[in-house]
*Asks:* 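So that we are looking at the same thing, I have put the structure below in structure tokens.
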Amino acid sequence: MAKSESSPGPVSPDPWAPILEELLDELEASADRIGLGTERGVLESLLDLEGGRQGDVALPVHRLAGPAGRAPPVLAADLAKSWSPSRSIESVSADGAFVNFRVVTARLARETLERVAARGARYGGQDGPGPTAIVEHTSANPTGPLHVGRVRNGIIGDTVARVARAMGESVTTQYYVDDLGRQSAMITWIWSKPADQWPTEIAAAAAVPEPPVRRDDVLYGRPYPFVSAYLKDHPDAQAELAALVQRIEEGHGPPLHRELVGKILAGMLATLARINVRFDTFVWESSLLTDGSVDSVLRRLNGLPSSITEENGARALDLGRYGLPKESSRVVYQRGDGTSLYLTRDVAYHLKKMRSADRVVDVLGQDHRLHARTLDAFFEELGEPRRPIFIIYQDILAHGGGRMSTRGGSAVWLDELLDDAVERARGEVRDRWESIDAAEADRIAEAVGTGAVRFHILRIAPEKPVAFDWEQALSFEGRSGPFVQYSYARAGSILRKSGASEFFVGYDPAHYTSEPEKALVRVIARLPRTLRVVLRTNHVQNVAGYAHDLADEFNRFYHAVPVLSADAERTSRLALVAAAHQTLGNVLDLMGIERLERM
RNA sequence: GGGCGCGUAGCCUAGUCUGGAUAGGGCACCGGGUUCCUAACCCGGCGGUCGAGGGUUCAAAUCCCUCCGCGCCCGCCA
């Protein structure tokens with residue numbers, strides 16, 4: 001009953017919010033009239049907002065039918081019949097056990113365009129200050145250039161961060177730089193030897209096909225896979241490496257070490273920057289040793305009742321009660337020689353993150369799944385109330401299946417993929433736009449090519465196993481990044497040619513009477529809800545899905561509804577185009593794909 | 001062997017958390033569309049035992065059980 005006697009409060013950034021409130025008010029009243037004492041919360045939870053084929057919102061009444069003592073179709077019909085006309089709901093109809101509500105387009109359009117006009121680049125998101133968040137992603141070992149097997153990490157992480165930021169969270173992205181341990185030490189080990197003292201097996205690195213770009217990550221990462229293989233059957237080298245690892249962990253590593261890690265990392269970051277992936281903070285693993293974080297964790301762990309000392313003095317936690325799929329229920333966190341392990345440092349790192357942010361999100365490959373569970377168990381043991389949120393993705397497999405391997409030649413370098421995509425885009429641009437100058441063509445090609453790659457990876461759920469496919473990765477049609485960019489450019493073109501400078505003045509939402517216009521209004525209106533769901537579920541593929549839906553509806557509208565040549569409706573249609581343009585742009589931003597005014 | 005993830009048309013994929021109406025898209029294929037705001041587009045068609053089997057339910061792609069296939073992990077590596 002009670003219409004909101006409370007103050008309206010701040011306007012919701014979601015155009016559907018006030019309409020759904022009204023719908024629920026009326027639904028409650030309608031339920032009352034037919035003697036249903038159903039609570040508003042129940043009704044609300046039953047509403048299907050993506051719902052109706054035959055409307056905008058659907059209410060399945062099965063669950064209400066029993067208590068009401070009537071058959072579902074009867075109840076649905078009764079509810080529909082007792083409906084009183086309202087300004088938001090255009091029609092209410094019963095179909096079987098469903099009641100379908102169709103919203104008055106003009107009302108939805110008004111709520112939507114007002115918000116797009118007022119919020120601009122912030123349309124779709126929410127105002128802060130929200131919680132603080134740390135999103136850690138990529139964090140690949142600095143041992144060589146990135147290949148596409150792991151590029152999902154950065155794209156997922158960066159998109160999650162962008163969405164969280166749009167939703168009002170205060171987000172810091174972090175790259176955890178592994179400068180400790182064997183992997184990066186192998187690089188230093190080999191490069192600290194004069195070239196004429198390299199083992200021949202490693203010097204043979206020169207025979208491997210070269211990645212297309214020559215940068216420090218390529219150059220210094222080159223011997224890595226060969227060092228790795230060489231070590232397997234050279235105990236003397238292993239001993240050298242072990243000594244080096246220990247010196248590094250003790251803080252006495254050669255200056256070359258940090259220098260090489262930094263150079264390789266810079267190369268990897270240059271590649272990531274091409275797809276608009278950048279980081280706010282870099283946390284060097286070694287800093288956790290020097291700032292005492294690891295010692296402090298070690299002390300806490302050693303004091304735990306579940307802490308055990310192994311024969312050689314190593315320390316472990318008995319995690320038997322967690323049912324981890326380990327051969328032993330003991331998980332070692334400190335070596336016999338007193339040094340720490342990756343796991344221990346990661347515990348320290350996460351405790352640090354959880355102290356400084358409300359939400360801690362990690363993007364991890366599926367090979368880290370058990371590691372993530374182990375971390376959780378450690379936090380439980382330590383009495384830490386909070387947990388990181390783990391987003392687990394599957395590595396992209398090589399073309400025929402199987403892991404991408406540098407030595408086996410099945411690895412596809414990310415730069416190589418991007419170069420190919422850009423090259424193909426350049427061809428497309430030239431075909432369509434002959435008068436374009438070279439610099440402009442390059443700029444557009446880079447945006448289109450990299451956008452295609454980023455979208456291609458983003459569109460698939462992270463946990464889905466995928467094998468790399470050049471043809472699909474380089475597609476510029478259909479469900480693709482360029483399609484969204486193209487739609488944005490088309491909308492921009494209309495706005496430009498209109499000669500107008502202000503689009504959200506003098507429009508009349510009652511003009512949106514054709515199906516394409518109604519559909520376009522509805523997709524635009526859907527963005528805030530979509531982003532709320534993505535924030536909660538981390539299903540970043542839905543951002544790409546939404547972008548495609550929006551572009552799709554815009555193109556249908558574009559073909560069916562003339563804008564510039566319209567008379568009475570021109571202003572209103574321009575407003576709708578402007579709203580679509582803004583929204584497409586906002587979604588491109590969320591995906592880290594360049595907006596192009598022309599293409 | 002154990003644990004976890006994945007399995008939706010020829011190919012790729014959304015939907016699975018929170019069960020609801022004839023399972024949405026895209027590619028490919030077939031047929032149309034450009035004197036008109038960018039054809040990287042639009043319209044139409046073809047194509048589905050949602051891995052298999054059982055169970056729960058008024059209702060299962062979705063929940064439970066069993067099995068099959070693929071992947072990953074089960075280190076005093078990271």
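These numbers come from the heavy atoms of this one structure, side chains and all, not from hydrogens, waters or symmetry mates. Labels below follow one simple rule: chain letters A, B, ... track the order of the sequence lines, proteins then strands, and each chain is numbered from 1. Nothing here was measured: the structure is a model prediction, and the numbers come from that model.
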*Asks:* With rounding to the closest Å, how many angstrom separate the C1' atoms on B:A21 and B:G15?
*Replies:*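 Taking atom C1' in both B:A21 and B:G15, they lie 15 Å apart.
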*Asks:* Could you state the atom-to-atom distance from CD of A:Glu515 to C1' of B:C43 in whole Å?
*Replies:*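 Result: 16 Å.
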*Asks:* Parallel, tilted or perpendicular for A:Phe557 and A:Phe554, by the 30°/60° rule?
*Replies:*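 Tilted.
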*Asks:* Can you check the A:Ile308 CD1 to B:C76 P distance for me, whole Å?
*Replies:*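 Computing the A:Ile308:CD1 to B:C76:P distance gives 13 Å.
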*Asks:* A:Ser475 and A:Ala452: which non-hydrogen atoms are nearest, and at how many Å?
*Replies:*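 For A:Ser475 and A:Ala452, the tightest heavy-atom pair comes out as O-CB, 4.1 Å.
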*Asks:* Any idea which of B:A78, B:C73, B:U22 is nearest the A:Gln54 side chain?
*Replies:*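 Nearest nucleotide to the side chain: B:U22.
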*Asks:* So, do A:Phe98 and B:A21 meet the stacking rule of ring centres under 5.5 Å and planes under 30°?
*Replies:*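 The ring of A:Phe98 is stacked on B:A21.
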*Asks:* I want to verify a distance call: between B:G15, B:C41, B:C11, whose nearest atom is closest to the A:Tyr486 side chain?
*Replies:*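 Given the options B:G15, B:C41, B:C11, the side chain of A:Tyr486 is closest to B:C41.
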*Asks:* Determine whether A:Leu288 and A:Tyr176 make a side-chain contact, defined as any pair of heavy atoms from C-beta on separated by less than 4.5 Å.
*Replies:*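 A:Leu288 reaches A:Tyr176 side chain to side chain.
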*Asks:* Hey, does the side-chain of A:Glu50 have a donor or acceptor N/O within less than 3.5 Å of a partner on the base of B:G15?
*Replies:*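 Check fails, no donor-acceptor contact within cut-off.
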*Asks:* Check every strand shown and say whether A:Val429 touches a base, only sugar-phosphate, or nothing at a heavy-atom separation below 4.0 Å.
*Replies:*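 Base contact - A:Val429 has a heavy atom under 4.0 Å of at least one base atom.
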*Asks:* So which nucleotide does B:G2 pair with, by the Watson-Crick or G-U wobble rule with both distances under 3.5 Å?
*Replies:*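 Paired with B:G2, as far as the under-3.5 Å criterion goes, is B:C73.
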*Asks:* If you check the A:Lys497 side chain, which of B:G3, B:U38, B:U18 turns out closest?
*Replies:*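 The answer is B:U38, which lies nearest to the side chain.
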*Asks:* Take the protein atom CG of A:Leu397 and the nucleotide atom C1' of B:C11, then report the distance between them rounded to whole Å.
*Replies:*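 That distance rounds to 16 Å.
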*Asks:* Pick base, sugar-phosphate or nothing for A:His548, based on heavy-atom distances below 4.0 Å to the nucleic acid.
*Replies:*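 The answer is sugar-phosphate, as A:His548 gets under 4.0 Å only of primed atoms, P, OP1 or OP2.
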*Asks:* Can you figure out which of B:G25, B:C42, B:G2 approaches the side chain of A:Pro325 most closely?
*Replies:*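 My answer, after comparing the listed nucleotides, is B:G2.
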*Asks:* Tell me whether the centres of the aromatic rings in A:Phe98 and A:His62 are closer together than 6.0 Å.
*Replies:*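 Centroid separation for A:Phe98 and A:His62: below 6.0 Å.
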*Asks:* Within the structure, does a side-chain N or O atom of A:Gln472 lie under 4.0 Å from either OP1 or OP2 of B:U13?
*Replies:*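 No, A:Gln472 has no side-chain N/O under 4.0 Å of OP1/OP2 on B:U13.
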*Asks:* For B:G71, does either OP1 or OP2 sit under 4.0 Å from a side-chain N or O belonging to A:Arg369?
*Replies:*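 For A:Arg369, the contact criterion (side-chain N or O under 4.0 Å from OP1 or OP2 of B:G71) is not met.
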*Asks:* Looking at B:C37, I'd like to know if its phosphate oxygens (OP1 or OP2) sit under 4.0 Å from a side-chain N or O belonging to A:His559.
*Replies:*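 For B:C37, OP1/OP2 do not have a side-chain N/O of A:His559 under 4.0 Å.
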*Asks:* Once you apply a heavy-atom cut-off of 4.0 Å, does A:Val561 come out as touching a base, just sugar-phosphate, or nothing?
*Replies:*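 The residue A:Val561 makes base contact.
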*Asks:* Of the listed nucleotides (B:G71, B:A21, B:A78), which one gets closest to any side-chain atom of A:Ala58?
*Replies:*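 Given the options B:G71, B:A21, B:A78, the side chain of A:Ala58 is closest to B:A21.
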*Asks:* Tell me which of A:Lys326 and A:Glu597 sits closer to the 5' end of RNA chain B, going by the nucleotide each one is nearest to.
*Replies:*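 Comparing both residues, the 5'-ward one is A:Glu597.
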*Asks:* Out of B:G15, B:A39, B:A78, which nucleotide sits closest to the side chain of A:Gln183?
*Replies:*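 Of the options given, the side chain of A:Gln183 lies nearest B:A78.
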*Asks:* Pairing check on B:A52: which nucleotide meets the Watson-Crick or G-U wobble criteria with it, both distances under 3.5 Å?
*Replies:*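 Its partner is B:U66.
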*Asks:* Is the ring pair A:Tyr333/A:Phe378 parallel, tilted or perpendicular, if the boundaries are 30 and 60 degrees?
*Replies:*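 Geometry flag for A:Phe378 against A:Tyr333: perpendicular rings.
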*Asks:* Okay, side chain of A:Thr571, backbone of A:Tyr507: is any donor-acceptor separation there less than 3.5 Å?
*Replies:*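 Such a contact is absent between A:Thr571 side chain and A:Tyr507 backbone.
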*Asks:* When the distance from NE2 of A:His539 to P of B:A14 is rounded to whole Å, what number comes out?
*Replies:*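 Value for this atom pair: 10 Å.
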*Asks:* Please confirm whether the shortest side-chain N or O distance from A:Ser565 to OP1 or OP2 of B:C36 is below 4.0 Å.
*Replies:*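 Checking A:Ser565 against B:C36: no side-chain N or O falls below 4.0 Å of OP1 or OP2.
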*Asks:* Can you see if the side chain of A:Lys464 gets near the phosphate of B:C12 - specifically, an N or O under 4.0 Å from OP1 or OP2?
*Replies:*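 Result: no.
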*Asks:* For A:Thr537 and for A:Ser487, locate the closest nucleotide of RNA chain B by heavy-atom distance; then report the residue assigned to the nucleotide nearer the 5' terminus.
*Replies:*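 The answer here is A:Thr537.
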*Asks:* Counting side-chain heavy atoms from C-beta on, which of B:G20, B:C6, B:U38 comes nearest to A:Pro60?
*Replies:*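 The answer is B:G20.
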*Asks:* Determine the interplanar angle of the A:His368 and A:Tyr342 rings, folded into 0 to 90°, and report it as parallel if under 30°, tilted if 30 to 60°, perpendicular if over 60°.
*Replies:*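 Rings of A:His368 and A:Tyr342: perpendicular, as their planes differ by over 60°.
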*Asks:* Give a yes/no on whether any side-chain N or O of A:Asn538 is located under 4.0 angstrom from OP1 or OP2 of B:C17.
*Replies:*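 Answer no for this pair, as no side-chain N or O of A:Asn538 is under 4.0 Å from OP1 or OP2.
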*Asks:* Respond yes when some side-chain nitrogen or oxygen of A:Arg570 is under 4.0 Å from OP1 or OP2 of B:C37, and no when none is.
*Replies:*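 False: A:Arg570 side-chain N/O out of range (4.0 Å or more) of B:C37 OP1/OP2.
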*Asks:* With a 3.5 Å distance limit and no angle check, can you tell me whether A:Arg570 reaches the backbone of A:Leu564 through a side-chain donor-acceptor pair?
*Replies:*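 Yes, the answer is positive, given that a donor and an acceptor are paired below the 3.5 Å cut-off.
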*Asks:* Is A:His62 stacked on the base of B:A59, meaning ring centres closer than 5.5 Å and planes within 30 degrees of each other?
*Replies:*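 Not stacked: fails the 5.5 Å / 30° test.
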*Asks:* To the side chain of A:Ser493, which of B:G2, B:C73, B:U38 is closest?
*Replies:*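 So the nucleotide nearest the side chain must be B:U38.
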*Asks:* Does OP1 or OP2 of B:C43 have a side-chain N or O of A:Arg556 closer than 4.0 Å?
*Replies:*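 For A:Arg556, the contact criterion (side-chain N or O under 4.0 Å from OP1 or OP2 of B:C43) is met.
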*Asks:* In Watson-Crick or G-U wobble terms, both distances under 3.5 Å, what is the partner of B:A59?
*Replies:*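 Answer to the pairing question: none, since B:A59 forms no Watson-Crick or G-U pair.
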*Asks:* To the nearest angstrom, how far is A:Leu244 atom CG from B:C77 atom P?
*Replies:*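 Result: 16 Å.
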*Asks:* Report the nucleotide, chosen from B:C77, B:C41, B:A21, that has the shortest atom-to-atom distance to any side-chain atom of A:Arg335.
*Replies:*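 Out of B:C77, B:C41, B:A21, the nucleotide with an atom closest to A:Arg335's side chain is B:C77.
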*Asks:* With both distances under 3.5 Å as the test, what is the Watson-Crick or G-U wobble partner of B:G44?
*Replies:*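 WC or wobble partner is B:C30.
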*Asks:* Could you give the CZ-to-P distance, from A:Phe557 to B:C36, as a whole number of Å?
*Replies:*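 From A:Phe557 CZ to B:C36 P: 19 Å.
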*Asks:* B:A14 base to A:Asp549 side chain: any donor-acceptor pair below 3.5 Å?
*Replies:*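 When only heavy-atom distances are counted, A:Asp549 does not reach the base of B:A14 through any donor-acceptor pair under 3.5 Å.
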*Asks:* So, OP1 or OP2 of B:C73: does either fall under 4.0 Å of a side-chain N or O from A:Arg403?
*Replies:*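 A:Arg403 to B:C73 OP1/OP2: side-chain N or O found under 4.0 Å.
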*Asks:* Can you check the A:Leu46 CG to B:A59 P distance for me, whole Å?
*Replies:*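 For the pair A:Leu46 CG and B:A59 P, the rounded distance is 18 Å.
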*Asks:* Any strand is fair game: report the nucleotide pairing with B:A14 by Watson-Crick or G-U wobble, both distances under 3.5 Å, or none.
*Replies:*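 Looking at the geometry, B:A14 pairs with no nucleotide.
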*Asks:* Given the C1' atoms of B:G32 and B:C64, what is the spacing between them in whole Å?
*Replies:*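 Those two atoms are separated by 50 Å.
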